[in-house]
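Each remark here refers to the structure printed beneath this line.
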2 protein chains.
Amino acid sequence: MAPQRETRQKRALATVLDQTPSFRSAQDLFADLRSRGENVGLTTVYNQLRAMAEAGALDTRRTDEGETLYRRCGTAHHHHHLVCRQCGAAVEVEGPEVEQWAEQVAGHHGFVDIAHTVEIVGTCAACAGRPGSRSHRGHGAST
Amino acid sequence: MAPQRETRQKRALATVLDQTPSFRSAQDLFADLRSRGENVGLTTVYNQLRAMAEAGALDTRRTDEGETLYRRCGTAHHHHHLVCRQCGAAVEVEGPEVEQWAEQVAGHHGFVDIAHTVEIVGTCAACAGRPGSRSHRGHGAST
DNA sequence: ATGGGTGCAAATAATTTGCAGGTAA
DNA sequence: TTACCTGCAAATTATTTGCACCCAT
């Protein structure tokens, strides 16, 4: 397997991902890239995003509207997310008890080869303080 | 507000929903309806599905591929799902400890107005017994 | 009669794919 | 040079919407 090549586009995307702590959509990242003057194609963004996600370098989520959101993965081990419904900020959390509960419940029903998804959504302290800041999936980049 | 009307299409959809214990996509339900000879339009299926979901009569999920799945809601109170990745069968489960854990973790990070999603995926006893039955989103209806 | 219900056709929207040309190694 | 990468354009796919007609009440 030939090693991955270093391209301007890859570097640009990686940079943007590193500068945002919250989940962002492909379309969003693409727009951000363009606003920075980086000339990267939408197709490339999708290509890279998928490649990185498959390589385990990115965490992914789906919004209720069907968009896939990506975010640089902090810890390598299993974890869940606590996401702010206002600003999109995400905190990685762990919960041994939940893992156990899932295993237990599944086993109790005769299920094997268990996997699970947990996501907690709420309003973070900052957003709770100043209501009305409807920057659901805000940028905050460039300019 | 005028009461809902009783139509052949609504009844047909309701019947199909009642006969399946697992989550099914709109496309899937539509195909099933047609295979039964029921002449219902895809648009109507979507219309009804959305109306029922908003009315709280249906539970909804999203597959990784972006499809929305619907299923008649058994219990009215909060619960989660244990789904079989092979046949799609779903069991409604509860977990007081998880609810508490979510509240606790969220509060610890300063988040308020908490909501959460939990989904356990596994292979049910039946499917584990006869591997290879790749009916990912099986019908099981008619014929 | 009448207004909610229906469904064909066209519109959306996110994401994927074909493929010709670019470029890192 | 080589084949991986890029990105335009077109294709896919689930779902929504415009709208004229129909039927349960």
Side-chain angles (χ1 to χ4, degrees), chain A residues 1-17 23-55 57-71 88 136-137 139, chain B residues 1-17 22-55 57-71 88 136-139:
Chain A
M1 183 195 297
Q4 304 298 59
R5 289 183 188 170
E6 278 287 296
T7 66
R8 170 178 56 73
Q9 294 88 332
K10 282 184 185 175
R11 232 188 272 282
L13 178 57
T15 299
V16 174
L17 283 170
F23 281 95
R24 306 183 64 182
S25 70
Q27 302 284 347
D28 200 16
L29 291 165
F30 172 62
D32 198 339
L33 243 14
R34 301 196 97 195
S35 77
R36 292 180 179 221
E38 291 290 354
N39 232 54
V40 181
L42 178 58
T43 306
T44 300
V45 172
Y46 275 109
N47 281 338
Q48 292 308 320
L49 246 26
R50 184 161 44 148
M52 296 174 85
E54 282 179 4
L58 295 179
D59 257 349
T60 64
R61 279 206 314 135
R62 303 275 298 199
T63 62
D64 287 343
E65 299 101 59
E67 282 183 314
T68 301
L69 305 184
Y70 305 81
R71 192 244 214 185
H136 181 46
R137 194 197 312 146
H139 288 205
Chain B
M1 185 194 300
Q4 303 298 63
R5 289 183 188 172
E6 279 287 299
T7 66
R8 171 178 55 74
Q9 295 86 333
K10 282 185 185 174
R11 231 189 272 283
L13 178 57
T15 299
V16 174
L17 283 169
S22 53
F23 280 96
R24 306 184 63 182
S25 71
Q27 303 284 346
D28 200 17
L29 291 165
F30 173 63
D32 197 340
L33 243 15
R34 302 196 98 194
S35 76
R36 293 179 178 222
E38 292 289 356
N39 232 54
V40 181
L42 179 57
T43 305
T44 300
V45 173
Y46 275 110
N47 281 338
Q48 291 308 322
L49 247 26
R50 184 161 44 151
M52 295 175 85
E54 283 180 3
L58 296 180
D59 255 351
T60 64
R61 277 204 317 134
R62 304 274 301 197
T63 62
D64 288 341
E65 300 99 58
E67 281 183 313
T68 301
L69 304 184
Y70 306 81
R71 193 243 214 187
H136 180 49
R137 194 198 310 145
H139 287 202

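Heavy atoms only: backbone and side chains are in, while hydrogens, waters and symmetry mates are out. Just so we're on the same page: letters track the sequence lines, and every chain starts at 1.
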Q.
Run the side chain to side chain contact (heavy atoms under 4.5 Å, CB included) test on A:Gln48 and A:Val40 for me, step by step, so that the C-alpha distance in whole Å, both residues' side-chain angles and the decisive distance to 0.1 Å come before the verdict.
A. CA-CA 11 Å; A:Gln48 292 308 320; A:Val40 181; over 6 Å; no
Q: Start with the C-alpha gap between B:Met52 and B:Leu17, add the side-chain angles, then the distance that decides, and say whether side chain to side chain contact (heavy atoms under 4.5 Å, CB included) holds.
A: CA-CA 11 Å; B:Met52 295 175 85; B:Leu17 283 169; 4.0 Å; yes
Q: Remember a base hit wins even if backbone is also touched, and classify B:Thr7 as base, sugar-phosphate or nothing at under 4.0 Å, heavy atoms.
A: sugar-phosphate
Q.
Nearest whole Å is fine: how far is C:dA14 P from A:Asn47 CG?
A. 18 Å
Q) Do A:Gln27 and A:Tyr46 have side-chain heavy atoms sitting under 4.5 Å apart? A) yes
**Q.** Side-chain donor/acceptor of A:Arg71 to backbone N/O of A:Arg61, under 3.5 Å
**A.** no
Q: To the nearest Å, give me how far apart CD (A:Glu67) and P (D:dT15) are.
A: 15 Å
Q: Kindly say if A:Gln48 contacts the phosphate of D:dC5, meaning a side-chain N or O under 4.0 Å from OP1 or OP2.
A: no
Q) Hey, does the side chain of A:Arg34 come within less than 4.0 Å of D:dG7's phosphate (OP1/OP2), counting only N and O? A) no
Q | Length of the line joining B:Asp28:CG and D:dT13:P, which is rounded to integer Å | A | 16 Å
Q. Can you tell me if the side-chain N/O atoms of B:Gln9 get under 4.0 Å from OP1 or OP2 in C:dG7?
A. yes
Q.
Tell me the closest heavy-atom pair linking A:Leu13 and A:Leu49, and the distance in Å.
A. CD2-CD1, 3.9 Å
Q) Would you say A:Val16 and A:Arg36 make side-chain contact, with heavy atoms under 4.5 Å? A) yes
Q) Closest heavy-atom contact between B:Arg62 and A:Gly66? A) NH2-CA, 3.0 Å
Q: Report yes if at least one side-chain N or O of B:Arg62 is closer than 4.0 Å to OP1 or OP2 of C:dA14; otherwise report no.
A: no
Q: Starting from P on D:dG7, measure out to CG on A:Leu13 and report it in whole angstrom.
A: 11 Å
Q: Could you check how far CZ of A:Phe30 sits from P of D:dC8, rounded to whole Å?
A: 7 Å
Q | Protein-nucleotide distance (B:Leu69, atom CG; D:dT15, atom C1'), rounded to Å | A | 14 Å
Q | Rounded distance in Å - CG (B:Leu42) to C1' (C:dA11) | A | 14 Å
Q: Output yes when at least one side-chain N/O atom of A:Tyr46 is less than 4.0 Å from OP1 or OP2 of C:dT15, else no.
A: yes
Q: Take the protein atom CG of B:Leu49 and the nucleotide atom P of C:dT6, then report the distance between them rounded to whole Å.
A: 12 Å
Q. For the side chain of A:Thr44, counting heavy atoms from C-beta on, which of D:dT6, D:dT15, D:dA24 is nearest?
A. D:dT6
Identify each atom pair where a protein N or O and an N or O of nucleotides 18-22 of chain C are less than 3.5 Å apart, giving names and distance.
none

Q) With nearest nucleotides of DNA chain D determined for B:Arg8 and B:Ala26 from heavy-atom distances, which residue corresponds to the more 5′ nucleotide? A) B:Ala26
